[in-house]
Amino acid sequence: MIEAPDISLAALTPLLFIFGAACVGVLLEAFLPRDSRHPAQVALALVGTVGALVSTLLLAGSREVTAGGALAVDGAGLFLQATIAALGALAILLFAERNLDPARSSFVTSAAVPAGSPRDRELLTSERVQTEVYPLTTFAIGGMMLFVAANDLLIMFVALEVLSLPLYLISGLARRRRLLSQEAAVKYFLLGAFASAFFLYGLALVYGATGSIRLGDIRAAAVTEGGNTLLVLGLALLIVGLLFKASVAPFHTWTPDVYQGAPTPVTAFMAACTKVAAFGAILRLLYVAFGTSEWTWRPLIYGVAIVSMIVGAVLGLTQTDLKRMLAYSSIAHAGFLLTGVIGLSSSGNGGSGLAATMFYLLAYGLGTVGVFAVLTLVRDGDGEASHLSQWAGLASRSPLTAAVMSLFLLSLAGIPLTAGFTAKFAVFRAAIEAGAWPLVLVALLCSAVAAFFYLRVIVLMYFSPPAPDGPTVGVPGLPTTLVLAITATATLALGILPGAVLDLAERAAIFVG
């Protein structure tokens, strides 16, 4: 006889909000007239994400395992879910801004039309607006929130696919540079399928070694199994699948092409939210399932962190396209985040490493959404001006735009009085406390190298003469203005007065399982 698992609906409220909005969004696509869909879809997506955010805040302090042990509601999971919901809402505002003016829409009117065909050229100036991106994005946000709360490997795999499949689709929906966008989507899909296969194979090996897919049971079995070969190999494959999603070198090859080819609002969404979700899953897997077997994963994370920081910093120097430069920036930041993962503790809580990593994910997400929001405003002809040479002398054309862009770049570089500096200081301190000072030394050197390509953009904007036929700076509508105001204010606040959020992260740095 099969018994239904005990489910706490209150604990699952954030997921119910976001998945409910996604399902209703699909129905709106089917039954609403085309002219009425856009405002309805934007409103529904914002209700879902904001409702999920408020729900996570109301659940603060909860600690329980529900859905038959498959989902965990704890401080760390709720903090990460709130971060994903907040960043997702900001990304949806960027989607809405780009679609309010059909002539500037980032999204193709009909994805089924072959690129370059007469019909495709005709639709390039069409007044129709793509609205399928909203339920797809909402499903992706729901998958990310489920990903960081999954308490067994099978639910984690399902969440991985739920968040990935919509991303593969919306990456190929750019209205302009269609072939580049479609190429990026195909690369993302193929490499993502390999990563999912690694994760699934690792799941099978861990199950074979421990007889369970529950993280708590795996932790108990890891204590008795010791150096079981199947267990170690399974963990390695699981980590490979998760590192792919986190854009960690050497599993990063999809990142520059997808960042460049995807519509810019989609790139902002992927860069911020996917990073939070992937690292949330990495933290839960390593702490809850393998927290008592640090020797199995610490050397791997140590080595991968060094490779990711070096690859991101060095290759970022060679880029001339701003979106590709930010892609290599994200690879370097993934290495910096792994220094916080090294600081995890197997004691009664996640230790300072967990709190520092969660704070870093919040600070990085805000800066990343902000920098891509500015990028959508600087335009050359029909598309964004993404080549670095086009940003020369931007400060003389639009001083406010250059100032806001500089703030976000300084935060990504880790300059004091910005959120990025506080975040880097926190993760580096946690790594030093864990005895990983050589890793921190490499991180500091790579931070200095990476700062060069951020500062290069600022120098171009302020100290280079503008080209006569340079790009124009669009006037942001209300959605983009809200995004820029929120991200800029938060970036400054977390740099000048970070104490309250750091304390919140410290109190939330607890996993149950």
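Computed from a prediction, not measured in an experiment: that's the story for all the values here.
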A262 backbone acceptor or donor facing S181 side chain under 3.5 Å: no
Taking every non-hydrogen atom, the tightest pair across L366 and A490: CD1-CB, 3.5 Å
A419 to L494 - nearest heavy-atom pair and separation: CB-CB, 3.5 Å
Less than 4.0 Å between a side-chain N and a carboxylate O, is that true for R284 and D74? yes
Are D152 and R214 within salt-bridge range, i.e. N to O under 4.0 Å? yes
Check for me whether R37 meets the cation-pi criterion with Y134, that is, NZ or CZ under 6.0 Å from the six-membered ring centre and within 45 degrees of the ring axis. no
Identified side-chain contact (heavy atoms from CB on, under 4.5 Å) counterpart of V304 within the set V248, V341, V240, I239: V248
When L15, V65, N151 are each screened for side-chain contact (heavy atoms from CB on, under 4.5 Å) with L71, the one that passes is L15
Applying side chain to side chain contact (heavy atoms under 4.5 Å, CB included) to K275 and L87, what does each step give before you reach the verdict? CA-CA 11 Å; K275 188 81 73 180; L87 296 175; over 6 Å; no
Between S164 and K245, is a side chain to side chain contact (heavy atoms under 4.5 Å, CB included) present by the stated rule, with each step listed? CA-CA 9 Å; S164 297; K245 275 298 166 196; 2.9 Å; yes
Answer yes if the ring centres of F244 and F251 are under 6.0 angstrom apart, and no otherwise. no
Between W254 and Y188, does the ring centre distance come in under 6.0 Å? yes
Return the CG to CZ distance between L90 and F95, rounded to the nearest 0.5 Å. 11.5 Å
Could you label the plane-to-plane angle of the Y360 and H333 rings as parallel, tilted or perpendicular, counting under 30° as parallel and over 60° as perpendicular? perpendicular
Once you measure the plane-to-plane angle for F19 and F139, does it fall in the parallel (<30°), tilted (30-60°) or perpendicular (>60°) bin? tilted
Indicate whether any N or O donor in one side chain lies under 3.5 Å from an N or O acceptor in the other, for K323 and T264. yes
Determine whether more than 12 heavy atoms belonging to other residues, nucleotides or ligands lie under 6.0 Å from atom CZ of F157. yes
Less than 4.5 Å apart, side chain to side chain, heavy atoms only: is that true for L412 and F408? no
